[in-house]
Q: 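I have a structure here, written as structure tokens, and I will follow up with some questions on it.
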Amino acid sequence: MARLKYATDFDKSVLLNNFDTRGWVQVSTDDDWNIYWAGVHNIRNIFSVECGFRMGDDQVINHFPNHVELTRKDLMVKNIKRYRKELDKEGSPLAEKDENGRYVHLDFIPLTFMLPADYNLFVEEFRKNPNTTWIMKPCGKARGIGIFLVNKLSQLKKWSRDGKGNSFVAPTAKETYVISKYIDNPLLIGGKKFDLRLYVLVTSFRPLKCYMYRLGFCRFCTVKYNANVSELDNMFVHLTNVSIQKTGEDYNAIHGGKWTVENLRLYLEGTRGKEVSDKLFDDINWLTVHSLKAVAGVISNDRHCFECYGYDIIIDDNLKPWLIEVNASPSLTATTSSDRIMKYNLMSDVCNIVIPPGEFPDVRWNKVPAKENYGNFDLLVDEELAQAELLSQEVKARAGASNATVRGARDLRKPTTWK
Amino acid sequence: MNEDQVAEQFIVDLLQFLKSSKLYTDLFNAAQIEAFKPSLRVSELRKGVQSGLINGGWDRKLRNAIYHYLHTHPQQPTLPDPEHNKEPLLYIRKAQQTWEKKILKSLNSMCTELNIPLARRRAEREQKDMAARWTELGTDGPDERPWISLNLGQIRPVYAPKDFLEVVAGLQNTNYQNSVSNGGSFYNFWGIIQVPVKLKTINQLRVQYSEMSINQCQTGVDDLPDIPSELFDADRAKLGNKVLAANHAPVAREFSKKGCPDSMRGEMWCQMLGVEVDEVDILYYEQLKTCVLQHDLLVDNLLYKDVKLTATNDDHYFVFEDYLYQVLLPFSRDTVILKHFSHNCATPPKSYIRGKLGVEEFAVVYPPNGVIPFHGFAMYVAPLCYVYNDVVTLYHVFRQMYIQYFFRLHSVSSDPQGIVALSLLFEILLQTNEPELFFHLKNVGCQPLKIAFKWLMRAFSGFLASDQVLLLWDRVLSFDSLEILPVFAVAIFSFRKSNLMKVQTYNAAEAVLADVTTLQVVPLLQLALFSK
């Protein structure tokens, strides 16, 4: 058994128990670790030019250097918009638009503007549809802090002055906000709003290798959904973040307002039918893959890195998924006992995929884990393997048969055959 | 009465039933429409109308109606004493009556202790409030819920499965000379249940459940994602669509014996139960809702408390809390349910208008549907929320399931489908299949039925994962028998045998069997029934 050395910025039991069970030894972050589960604040230091720290061939770390391209709300939107425009220029069928100018296949983020930079563009859009609600989110924060809903221009006075002003001072991350069209027709179950938290593991961006965790969960609001204007200030109705719902009166610590994705699927198949629920889950896989492709070009593809993202997705009542944001450091705190088990298994499967069990990490490894190490992950896309498939026909026939056993097989074809 | 006369009488009853049902008027109207068709000639009136009706699908509706009548009405001649229809054995009837008196006494004493009436009329303002909040009755807060007249903390459930187990365990056949009630110490069974009820043997069960045998593909086993779909899933889906289109209850039953695909379950169950929601049903539900708004019953508080204790704390069902109230509250006002008491050993409890105790003219059935809920009652409804998201359909399906199946799980009777027989079946099966396990558990002071009883009484709802409960209930409906429940309980014990053989106390045994949410129903059933 390989006795790896690990360093961690988090004192979380789901992590430590996993590492200790494998017989790994904890060392400090300054020592020669093999795997470092770092917090995002330390990542900046490690990868900064002044630091001069270079990772060895047997070291892996759990973040990409510039993951903010995907995980900061404004950068993510910027990258996706740019990706779509590029595909449009190339004339790719993916960038097909309908008669309203909306993308048919790539319309998975709600209409978003950056503030204060795009203030004027936003006002134009707002005046076109004055009765809509918008949601303001600060770029640099997490856990629902600082978010509020807007349905009148007067609520944005602060940003209008900055936008109209002639200052050349670029706003810092702390002051920029994104404003998106609020999804006011979310799918309600039992009358309550919920969002989906899915875990996506990426071991490489170029070629793209990503895995979707089967055991995601839904986070429910404790209060009934009410789209009424008077309830716009009631964050318990609108924001599903557990850190906010936890403080509500009706919060139940036994189930924590969390439902498994399997239960969601059972409910949707039972009440809406198989085709639409299959399509919903295919759409979710599709949007995950394309959101990753959108930033694949700008993220520095350091071979020492892997990352486990927390995707937040909201489903509207037409069963269309919308990507709300991507988190680089999804919470490892367990709120209920089933939560703890799930997160423990998540970490265990991540470790098995990133480092073949029993071996030391090696940066020269081709990053193709054996299928039995997937655990509860499903392979979404492995561009390297897909290329190899296309090149050799007979391998494709055999791999095609085995790929059919992966649940996301139907959409697996879409990105690969497109390529 | 000889057989022919019995059959004749049955047909007469059946015709009477059909004539008084809505189907008759619909059929008559449809026939009239057919008769008015210009293409029809007078000489061919009968044939023409008949073929027209068949084309319109009316023959299927008629067949379904007759099928459901056959299912819900016993074919034996009606015995002289209606009491015998409910329950032929005297000592069991007596036991049920004693139990009912006890429950009623407990309910009444809770009433007087907390000083609340069994029922009272709601004030206008309260009614309006409640109507506005009808879809969110689960929200807490005393000021938000003025119709709850008191703190729910003071309410206790009237009884729980373990109380009922004591009653069932205490049943003794007074005809046995040496039985305990006659002063002897004769126990003729190893287990807790001492009632000699006729049961099926394992071979008879194998024949009954032959569609579930290992060599036949089943939903829940053979349609998992890692099995290529051509093997079973795709054909099953096509067949399912055809079955649904045929709209014929026996066909739906046959199909469901191998399990229903999740997306077809709703319609299949409706077909099997004979539930077709039309305007009359919707109106009826609205009527029940009005009854709920007008009067506040103590039973409502019991139901609130039950939901709060069970479903709200359950990982799988907390989302559906509000649906549960919308089904259970009208359920307790539904007098249609009183009809099932003609073949249920239980009698609906009666209560008297204030001040007129004992005067028969002022007796009313309380609660209106005659069913006093116990701890865990709400869990009968919870799994159905995964299948129906329309409250009216959900209500009617639940009502039908209660009248046909669930009532047997909490009343004392000698019926082979009743909880007494199911418990005995569980014990006998376990003794036959796993004698050393049974003996070991009995020696360490753990009668297996003590653990399994709550599973049986709740039909496993709340103990298994949500999709597994639904697969199990598929089989209950399609084979039209609750016997699958004890068979599955035995399968669980067999499955965990190696751990159970190591326990030395009752608590340890309970701990081994405390969490069964990871179990898969169909493979375990196949193992238990067909692998010896």
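Chain letters run A, B, ... following the sequence lines, proteins first and then strands; every chain starts at 1.
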Q: Measure distances from B:Y323 to the heavy atoms of chain A and classify the residue's part below 4.5 Å as side chain, backbone, both or neither.
A: side chain
Q: What residues, two or more places apart in sequence or in another chain, satisfy ring-ring contact (aromatic ring centres under 6.0 Å, His included) together with B:W473?
A: B:F406
Q: Does B:R236 qualify as a cation-pi partner of B:F255, given the criterion of NZ or CZ under 6.0 Å from the six-membered ring centre and within 45 degrees of its axis?
A: yes
Q: Let me know if B:C385 has heavy atoms under 4.5 Å from chain A in its side chain, its backbone, both or neither.
A: backbone
Q: Tell me, out of B:S466, B:A237, B:C260, B:G266, who's got the most heavy-atom pairs with chain A below 4.5 Å.
A: B:S466
Q: Answer with side chain, backbone, both or neither: which region of B:D314 has an atom nearer than 4.5 Å to a non-hydrogen atom of chain A?
A: backbone
Q: Check the orientation of A:Y199 and A:F217. Use parallel for under 30°, tilted for 30 to 60°, and perpendicular for over 60°.
A: tilted
Q: When only pairs under 4.5 Å are counted, which of B:Y386, B:F320, B:Y388 shares the most heavy-atom pairs with chain A?
A: B:Y386
Q: Tell me the closest heavy-atom pair linking B:Q271 and B:L244, and the distance in Å.
A: NE2-O, 3.1 Å
Q: Under a 4.0 Å N-O cut-off, is there an ion pair linking A:D378 with A:R214?
A: yes
